[in-house]
Amino acid sequence: MSSHLIGAVTVIGGGISGIQAALDLANSGFKVYLIESDPSVGGVMAKLDKTFPTNDCSSCMMGPKLVELANHPNIEIFAYSELASVSGEPGRFEVTIRKKARYVDEEKCVGCGICATKCPTKVLDEFNFNLRYRKAIYVPFPQAVPLIYTIDQKHCRMFTKGKCGICQKICHKKAIDYDQKDLFVTVPSGAIILAGGYSPFNPRVMEELGYGRWPNVITAIEYERISSAAGPFEGHILRPSDREEPQSIAWIQCVGSRDLMNGVEYCSSVCCMYATKQAMVTKEHDLSVDTTIFYIDMRAHGKGFDAFIDRAKSEYGVRYVRSRVSRIVPDVSGKRLEVTYVTEDQKFVTEPFDMIVLSIGLCPNPTAIDAANILGLSVTPHGFIETDQFHLTRTSRPGVFVCGAIQEPKDIPDSVQQGSSAAEEAMAFLAPARNTMVPVPTQIPERNVLGEEPRIGVFVCHCGINIAGVVDVKAVAEYAATLPNVVYAVNCMFACSSDQQMEIKRVIEEYKLNRLVVASCTPRTHEPLFRNTLKEAGLNPYLFEQANIREHVAWVHQQEPERATQKAKEVVRMSVARARLLEPLYDSSYEVSQRGLVIGGGLAGLTAAQEISRQGFEVILVEKTDSLGGIAKHIYQTESGFPVAQYTQELIQAVESDPRIRIFLNSEVAEIKGACGRFTAIIRTPWGNESAHVGAIIVATGGTEFKPSEYLYGQHDSVVTQLSLEKIINSEPEKIKEAMHLVMIQCVGSREPRRLYCSRICCTMAIKNALRCKEINPSLNITILYRDIRTFGFRERYYREARIKGIRFVRYELGSKPQVVVDSRGTLSVQLRDPITGMLLSLPTDLLVLTAAIRPQEDQKELAERLRLPLDEHGFFLEAHIKLRPLDFTVPGFFICGLAHGPKFSYESVVQAKGAVARAVSILSRKRMFSDAMVTTVDPFLCRGCGECEKACSFGAIKVIDRRTEGKGIRAEVDPALCTGCGACNVACPTGAASLAHFRDKHILAMIESLTGDFEGETRELDIRGLNVTTT
Amino acid sequence: MKITDEQIAYCMECGVCTGSCPVARHYEEFSPRSIIKQLLIDREDVVTRDRIIWRCVTCARCSIRCPALIDIPQIVNRCRSEARKAGYYPEPSHHGVFHIIPRLQLRDFLQDRVGWASQWRVRRQGEYFYFVGCAPYFSSMFRYLQIRPLNISRAILTLLNAVGIEPVVSNREVCCGHDALWTGEEETFVKLAQKNVEAIRRSGAEVVIFSCPEGYITFKHHYTEALGKLPFQVIYASEFFMERIDLLKRLLSRDGEELERVTYHDPCRLGRLEGIYDSPRILLDAVPGVERMEMERSRENALCCGTSAWIECSSCSKSIQFDRLEEASDTMALDGSEEGGILITSCPKCYIHLNCARAALPEDRVAKKLQIEDIYVFLARHVTEIQDK
């Protein structure tokens, strides 16, 4: 079988979900072909300004992932391409890709952008939603990956009028090819992942909102571009009509969501939060702007979301109005827009706003649906990809997996973890073919330069006109040639082009260079390329220094070319000064223990263990109690009817009989030593401690149902929790049959001042159980007392169904909770005031069901301390990055899934567990771990053990250790596997004991001194307090 | 003490130097005696082609006890120049900030060094020049230790104003060059010296007052060696105030506070290298209500503050410092007092180093309760405002 599987995967869609899937696969020994229909990858996330709940810059966050993607040896990106056809069978697909003609040779284009500056044709820029112009030859955004220009054939004069040809004339690289044709490429793929993403709802169909008619009614995604510093208004929030700053802005929720009138039944899951974020960002731009959000239910079901909304209200003064807007028209002046709505107490209000933002929903991306049709996948009535009921990344076709918003509307972290999860499914499917399609790096013997006098070569890049248009690059190169130890200096058109790499290698050879300085752009994107060139030239890759004369010079000093040239010289002089001191560095490596450890034997843990085994690795499963299955054993079915408890039983049997899985019951992990890839776990078992070597650790310790302390719980037998109700439904249905009234109270223990988080599943769970009760006893009166109904995504349909079935919903506020009373005969009733009618309701009930919060395990804090893992404010485990690393801990080698991370549905735990396995396998699949040479080392003599470094380190990589019993002193020690080379400890170290290769004081000081070394007669007066810096 | 080969040759390998050496006590590989021996056997290269030469704290505890009168710090310093020429540099502490500042000061920067002094009566021209030194930089650098060494300079101005002196403070002042000199950067040192002498000459000052012992000895001895006779007098602050002790005594008071228990730490530059031991003690004794105790290792025997010239701060430094703090603490707690007391020093660097060490002391150590204070800050704290009189 294995010889037939192909160790390559095609990922369709280059948004964040597809990118994550591609990276996880590529890092685990699979070849990846990434197809993106747009000219560059990045998807919707690249268009966003900031992301909630941290309000970090979206494209900045994405940057490192894009760079990794672009430079990954195992990933081939087909941008501006579409799926053409698929043949073959699972494990051995033949995927044919149509590479659309860019009319630009991808091999030759270096992305300098000269063509676009000279192109005479302006075209509305769809990346910025037509709010500004781009040229007919373009890249969608400056950080585009791949950075290759594309001719917009519809508008290019060469195609419309048959003449122009300016770009072809001006292109130094001769990359323009007007005769280019679509190209078909066939790649072998063992599996396919569809990560097609979404497209925004078109609100034109909702005429009452006036989109397309009134220019100041815009969509939320347009607003992202407006508030973005890289957007059409350069980060100034302006109205499209008159470019004036709006003083009041309203957001209208559920435009194209929860709206059957417009054919959309589902909730888009993300709009409440992005509207809140946008209102907050608006306030950060200008606190005086009035911001109002009109909503139905505030859906803040994710981690940290309720606290975020609370902050929006209390700190930023964002106003929330629970009402769906009925009409938007211009006022008499024609300058403002009047919004009409009805308040909860039935008052009609007409309120003027300067700008309206429509919180549009998420629709399936048509390109992805085309791909789904080619792949022959089943699609839901709403046009999303149909999946297995419980395994949400499995499509109707074996070997084809799905992730991201094309499966169901979802936010970034959910898309990222589903991307990892789909990657895991593909890897498990193709496990025997791992490492069969990826290139093996070739070893080139390295020239020993120790003891040689520095011989520095300097290449000064024109970057087309990006640098040369401002800086006199020739003068910079000539100047560089005069600097000490520089034996060769030249200016060149594109330092990064592939022919230039050949030239650099030739020069290194001919001039016996032992240091290289490239004066061009940022090392963040280009350092890997040049280091690789050094390697190919037989030099240690760390003998490289990059001077950034584009971002730091040409771009910021466009108006003053002479001074820019002077600064470029100074920047180069500094780099040369540093280059002189560079030494060869060597990455260290160690053997990986290719075995996983899963802590917790609930659904998430069992899934993780099974999947690690499917990947071909041994795994140790540690469970604290005497049986596997955890809380999932008590969940009889999901809202869609999938039998979770039964599935869990089967899973337990499968895991128990799996020869690669070793199970420890009644056991706990007492201690973890070592580092990522080579941990030693001490497991406390009933028969004593056992130790095991493992490479990666998945924490899946689960959660627990909160035991309420209010509403007579524990005092009256008829007051139960949802889990108990579920048991009654399944084991004593007669109790439901006999009952006449049933009341459920939502948010018991959730969304309280000290527990300001939503338990995510409770609304759906209550509705699921209510519907089951109705099935059993159709005449049962069921009332659900709620604060906001949060049946996000496709769960909305169960909410609708419940309402259709006659289940009543009554809202209450935190300040006026329902009162539970018992009369003299012992019967229960619940009293509250209905906010819509103002009536005091008294609801008798035979069974009062409390929908209790999900809490972390009671001993989670102790476990966290034992494993030195961080917890969030509510005691759940804290992931490394709430958006882009939802499955990782900050500590490398540790991963998180399931309820231990936060409240979630059983099938979400499964998605997470598989995703966590994908992350873990990127370690377990390596024979050796390489740790970067750019790590801190400690000089034992200089170290005074003061601990400043330990305080400064965010990664627990440097610690002061008392070795006096071993005859040594108290010294800081570094774990190179944990060290990220950030340098924080170096700064904190007062003695210079902790230092980072090539960032030692001597390197920095050499640069500072060389900067001030040559002022050509200028006298400068410098105020050390920075008050008045003058130049005379 | 003149350094001649002859003098080295007097070495009788008694080892009192190494035995007295605070570094050798904690770091066996370091030995002044071996250094001398290497030089004696013409293996200067072994000494200069190694980082070992930078590990000496130049505290002169060895030389002050040397029966052969060998000036080991000076020999070390000479070797350092050689080592530097051979490309063997010291490990700068605090990232070399204090080494690059003097080098940058030789460029054509004019800094605002005196903005902080505007609350006192100071002049641009006048008879007295107060050499501020590095305190402004120290104050910026050592915020993380919650100390403000610039308060020493503030205290000096308070005291000078109190005794009726309005000194010159100058933007044209640069680093005294002490550390450049002691780290083998002679060229830098000479240039700094020239700049300072010129700046002071232009102020018309006849007397230059120092609160930093290093600046004082550098001017007094090394400037003279490098540039010849100086066109002004130099005087160390405690000596200067000693001359005005009667006036000062009338200003020193204590308003109802409890008695203060203090002990004085002799800085190596002021003590062993210059021989000023008494005036600081007399000044302290002049403050009403001060109970001054003497540490076992004091005056000529005083223990170093652990490091010098902002290089090679190390595990040894910390051990030395802990040792000193414990000694001070024990001295002042002889009668079982739990109060901690005040460890007083007159060198800004001792002040910083001892504070740094105290911050690193475990909470449960009695020495953690020590206060560490500069002598002039202590004195200024007890000066009554008399300006109105």
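The chains referred to below are lettered A, B, ... by the order of the sequence lines, with proteins before strands, and numbering in each begins at 1.
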Next on the checklist: Looking only at heavy atoms and a cut-off of under 4.5 Å, which of B:H99, B:M141, B:H94, B:E29 has the most pairs with chain A?
Outcome noted: B:H94
Checklist entry - Contact part of B:Y27 toward chain A, heavy-atom cut-off under 4.5 Å: side chain, backbone, both or neither? => result side chain
Taking distance alone, no hydrogens or angles, what donor-acceptor pairs closer than 3.5 Å link side-chain atoms of residues 990-997 of chain A to residues at least two apart or in another chain?
unit_1, atom_1, unit_2, atom_2, d
A:T991, OG1, A:L942, O, 3.1
A:T991, OG1, A:A993, N, 3.2
A:S995, OG, A:R1000, NH1, 2.2

Item to check | Residues, nucleotides or ligands: over 12 heavy atoms within 6.0 Å of A:R447 CZ | outcome: yes
Checklist entry - Which pairs with one or both residues in residues 979-991 of chain A pass salt bridge (charged side-chain N to carboxylate O under 4.0 Å, His left out), sequence neighbours excluded? => result none
Checklist outcome for this item: Nearest heavy-atom contact between B:S315 and A:C943 is CB-O, 3.0 Å
Next on the checklist: Going by salt bridge (charged side-chain N to carboxylate O under 4.0 Å, His left out), name the pairs with one or both residues in residues 974-989 of chain A, residues two or more places apart or in two chains.
Outcome noted: A:R678-A:D975
Next on the checklist: Please determine whether the number of non-hydrogen atoms from other residues, nucleotides or ligands lying under 6.0 Å from atom NZ of A:K512 exceeds 12.
Outcome noted: yes
Checklist entry - Taking non-hydrogen atoms and a cut-off under 4.5 angstrom, which of residues 944-952 of chain A neighbour chain B? => result A:R944, A:G945, A:C946, A:E948
Checklist outcome for this item: Whatever's closer than 4.5 Å to a heavy atom in chain A on B:A357 counts as both
Next on the checklist: Using a 6.0 Å cut-off, check whether atom CD of A:E562 has over 12 heavy atoms from anything other than its own residue.
Outcome noted: no
Next on the checklist: Using a 3.5 Å distance criterion without hydrogens, assess whether the side chain of B:H95 forms a donor-acceptor pair with backbone atoms of A:C989.
Outcome noted: yes
Next on the checklist: Counting only heavy atoms not in A:E452 (residues, nucleotides, ligands), do more than 12 fall under 6.0 Å from its CD?
Outcome noted: yes
Checklist entry - Is the CZ atom of A:R866 crowded by more than 12 outside heavy atoms at less than 6.0 Å? => result yes
Item to check | Within 6.0 angstrom of B:R172 CZ, more than 12 heavy atoms from elsewhere | outcome: no
Checklist entry - To the nearest 0.5 Å, how far apart are CZ in B:R51 and CZ in A:F941? => result 8.0 Å
